[in-house]
Colleague: 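Mind looking over this structure? Questions follow.
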Amino acid sequence: MSVDLTVPDIGNFTDVDVVDVLVKPGDSIEVDTPLVTLETDKASMDVPATAAGRVSEVLLKRGDKVSKGSVIARVEAGAGAASAGAPAAAPAAPTPPSAPAASAAPSGGAPATQADTSARAPRAAVRADNAGDTVRMPSPQARPPEESAADAARGTQLLVLGSGPGGYTAAFRAADLGLKVTLVERDAELGGVCLNVGCIPSKALLHAAKVIEDAAEMSTRGIAFAAPQIDRAKLRTWKASVVSKLTGGLKVLAQRRKVEVVRGLGRFVGANVLEVKGAIGVERIRFEQCIIAAGSEAIRLPGLPQDPRIIDSTGALEVPQFAGSILVVGGGIIGLELACVFDALGNRVSVVELTKQLMPGTDADLLRPLERRIRARYQQVLLGTKVSAVAAESAGLRVSFAGEQAPEPQLFERVLVAVGRSPNGRTVNAEAAGVRVSERGFIPVDRQMRTNVPHIFAIGDIAGPPLLAHKAMHEGKVAAEVAAGEKRAADWRVIPAVAYTDPEIAWVGLTENEARERGIPFGKGMFPWVANGRSLSLGREEGFTKLLFDPESHRLLGGGIVGTNAGELISEIALALETGSDAADIGLTIHPHPTLTETVAGAAEAFEGTLTDLYLPKK
């Protein structure tokens, strides 16, 4: 029986170039044997065979242009050959060299890809990405058979798996562009980790902590308040109300856009079918395209006892009732933000961090004001130290430490584990759809957010660091627009990062650490907040603003801020970076006085040599 092998769905591409023909008449081939290599302006890909047999005719040559359905070759299929009408196995689409960076800190240039782009690999090959992960292609034998349309109870043009900031952004944008969208969410409310147990509730509690601290600090300036009466139950209720307003708003937006919401845990069972296990049973949804926005989970330290007094960030946001000490394991952004909350609520806080500095990777000068403040307030800050054991006792949790300056075992009433997050690539069984997943659970993508399976996209935490909600939202729009047929690509050059600690720390673009590691020359302009009238009136003059510039063109490369409201101020630097501003553009922009934003202009003027608010001797 003669079978035509054709070009499968390769996304919204037509007239794609054939750059290599990999078979010739007389060759014996198996299912998934690469036939030809195609190349678009975004990626190159191998098209695999969908039937086994002997090649009788090859109808393409190098330089030809093809589209979906173009005949590549004819084979004389064996008795066990697959039907020509069977869905094609997804072609491997190596990622262009500008996909998300493996570094947790945003860089000034286009971040590195998660997957190697320089060579093709056979379907079952092992390939290493730039982050040091290994991605494994599932073997043809391990891939479950594709489902027929009758096997799925419902169908949709675009299925979005996960309703966090990236997921709901993608779903809503795709619906606005006219696609029929189904949004699958495992939890009761839309919004994912960020809205329900992450960004939003933590910022509500951090605001409460700031009010407590501001009131206490005013006692030295002539206004004294009584000690705060903290009702943690009422605080939890207020925090929950903030969350419910946002999640309720998402529900309304989904209804108005006619986005179908399905509740349950989704797992792939084929390249076009997702199985959803919900409260009322199991159903299968067939999709034409899919965006994986399944996020990440808090990392759990192995070997810890099962004890309710050991909590993660989700448990910490429930503001448990206790008056004693708490050990925060992990000196990253999440751990330090929650440490600020418990410190303001009156708990005795200790922090232990495995590396030699807090917020590993952050420029050391940005950390100094924060570290000085918390060392003066917390019981202890242990750097270069790890938790070696935790023993549950009736009086508390006895923690043992290891390291050059590790203290003796200590007793804590609570232990908060905040050592990072792990992507959910393997949790959703993406490999069953033919999607490559790294050993750490990331899914490599190209700049259009496509995985190696062209009709399946991945965005947000699951697509690679940095694990930030605003990065996910940007990627969600890109994926939705590409799925709708628009020519879009993600741009990761300008991704601000913010630690909502006290004081706040924010940075965007190139950092000093990265510039030195990569040998990039830079000039620096700094403005200390002690010379800013607004910061003095707030009683928080410990901060500063710094900007990095190209020493030749004076073009902005990056910047960092430490101080009150740094998270708001960083947006001006991000916009200047996005628009290609130089030092004169920023310095000559008239800023209102007195404001903290003046420090951005002051840093640019310090670099230009035009600053009058300070005396800086000319070099």
Side-chain angles (χ1 to χ4, degrees), residues 105-106 108 217 362-373 493-516 520-619:
E217 289 176 1
T362 307
D363 284 350
D365 58 348
L366 292 175
L367 287 168
R368 288 188 195 107
L370 170 65
E371 189 166 353
R372 280 196 299 267
R373 182 176 173 84
R493 293 174 303 145
V494 183
I495 305 177
V498 182
Y500 296 90
T501 47
D502 186 11
E504 292 182 4
I505 301 174
W507 64 93
V508 66
L510 188 72
T511 67
E512 287 194 62
N513 286 345
E514 291 170 334
R516 293 189 179 98
I520 298 175
F522 67 91
K524 179 166 63 174
M526 293 189 65
F527 191 94
W529 284 19
V530 71
N532 176 261
R534 183 61 174 153
S535 64
L536 290 172
S537 70
L538 295 172
R540 297 302 300 269
E541 63 269 22
E542 75 270 31
F544 65 85
T545 299
K546 70 172 179 178
L547 300 177
L548 306 185
F549 297 95
D550 183 292
E552 297 296 328
S553 67
H554 289 202
R555 187 167 179 171
L556 182 66
L557 299 175
I561 305 174
V562 55
T564 300
N565 292 328
E568 306 293 338
L569 299 173
I570 199 64
S571 293
E572 178 178 352
I573 301 177
L575 181 60
L577 193 60
E578 182 68 35
T579 55
S581 297
D582 61 20
D585 293 326
I586 300 169
L588 291 173
T589 299
I590 299 174
H591 289 68
H593 174 78
T595 62
L596 295 174
T597 61
E598 289 178 286
T599 67
V600 179
E605 291 177 332
F607 173 77
E608 285 281 276
T610 60
L611 181 62
T612 57
D613 288 45
L614 293 170
Y615 175 67
L616 300 176
K618 293 185 178 181
K619 295 181 181 179

Colleague: Once you round to the nearest 0.5 Å, how far does CG of Leu548 lie from CZ of Phe522?
Modeller: 5.5 Å
Colleague: Could you pull out the closest heavy-atom pair between Ile570 and Ile561, with the gap in Å?
Modeller: N-CD1, 4.0 Å
Colleague: So does Glu542 pair up with Arg540, basic N to acidic O under 4.0 Å?
Modeller: yes
Colleague: Judged by atom type as modelled, is there a donor-acceptor pair below 3.5 Å linking the side chain of Asn532 to the main-chain atoms of Glu541?
Modeller: no
Colleague: Heavy atoms, side chains only, cut-off 4.5 Å: are Phe544 and Leu366 in contact?
Modeller: yes
Colleague: Measure the NZ-CD1 distance between Lys546 and Ile573 for me, rounded to the nearest 0.5 Å.
Modeller: 10.5 Å
Colleague: Identify the two heavy atoms, one from Leu547 and one from Ala604, that lie closest to each other, and give their separation to 0.1 Å.
Modeller: CD1-N, 3.8 Å
Colleague: Among residues at least two apart in sequence or on other chains, which ones pass salt bridge (charged side-chain N to carboxylate O under 4.0 Å, His left out) with Glu568?
Modeller: none
Colleague: Take Phe549 and Glu608 through the side chain to side chain contact (heavy atoms under 4.5 Å, CB included) test and state the conclusion after the steps.
Modeller: CA-CA 10 Å; Phe549 297 95; Glu608 285 281 276; over 6 Å; no
Colleague: Specify the closest pair of heavy atoms between Pro521 and Pro551, including all atoms of both residues, with the distance to one decimal.
Modeller: O-CD, 3.6 Å
Colleague: Taking Glu371 for the side chain and Arg368 for the main chain, is one N or O donor matched with an acceptor at less than 3.5 Å?
Modeller: no
Colleague: Could you report the tightest heavy-atom contact between Pro503 and Leu370, atom names first, then the distance?
Modeller: CD-CA, 3.8 Å
Colleague: With ring-ring contact (aromatic ring centres under 6.0 Å, His included) as the rule and sequence neighbours excluded, what pairs involving residues 562-599 come up?
Modeller: none
Colleague: Enumerate the residue pairs fulfilling ring-ring contact (aromatic ring centres under 6.0 Å, His included) with a member in residues 551-575, sequence neighbours excluded, ordered by first and then second residue.
Modeller: His554-Phe607
Colleague: Does Arg373 reach the side chain of Thr501, with side-chain heavy atoms less than 4.5 Å apart?
Modeller: no
Colleague: Does the side chain of Asp582 reach to within under 4.5 Å of the side chain of Ser553, using non-hydrogen atoms?
Modeller: no
Colleague: At their closest point, which heavy atom of Glu598 faces which heavy atom of Pro592, and how far apart are they?
Modeller: CG-O, 3.2 Å
Colleague: Quick check: does any side chain N or O of Asp363 sit under 3.5 Å from a backbone N or O of Thr511, one acting as donor and the other as acceptor?
Modeller: no
Colleague: Would you indicate whether the side-chain heavy atoms of Phe527 and Glu605 approach each other to under 4.5 Å?
Modeller: no
Colleague: Which heavy atom of Ala574 sits nearest a heavy atom of Val494, and at what distance?
Modeller: O-CG1, 3.6 Å
Colleague: Within the structure provided, determine whether Leu596 and Ser535 are in side-chain contact (heavy-atom separation under 4.5 Å).
Modeller: yes
Colleague: Is there a side-chain contact between Pro528 and Leu614, using heavy atoms and a 4.5 Å cut-off?
Modeller: yes
Colleague: First locate atom CG of Leu577, then atom CD of Glu572, and finally report the distance between them rounded to the nearest 0.5 Å.
Modeller: 12.5 Å
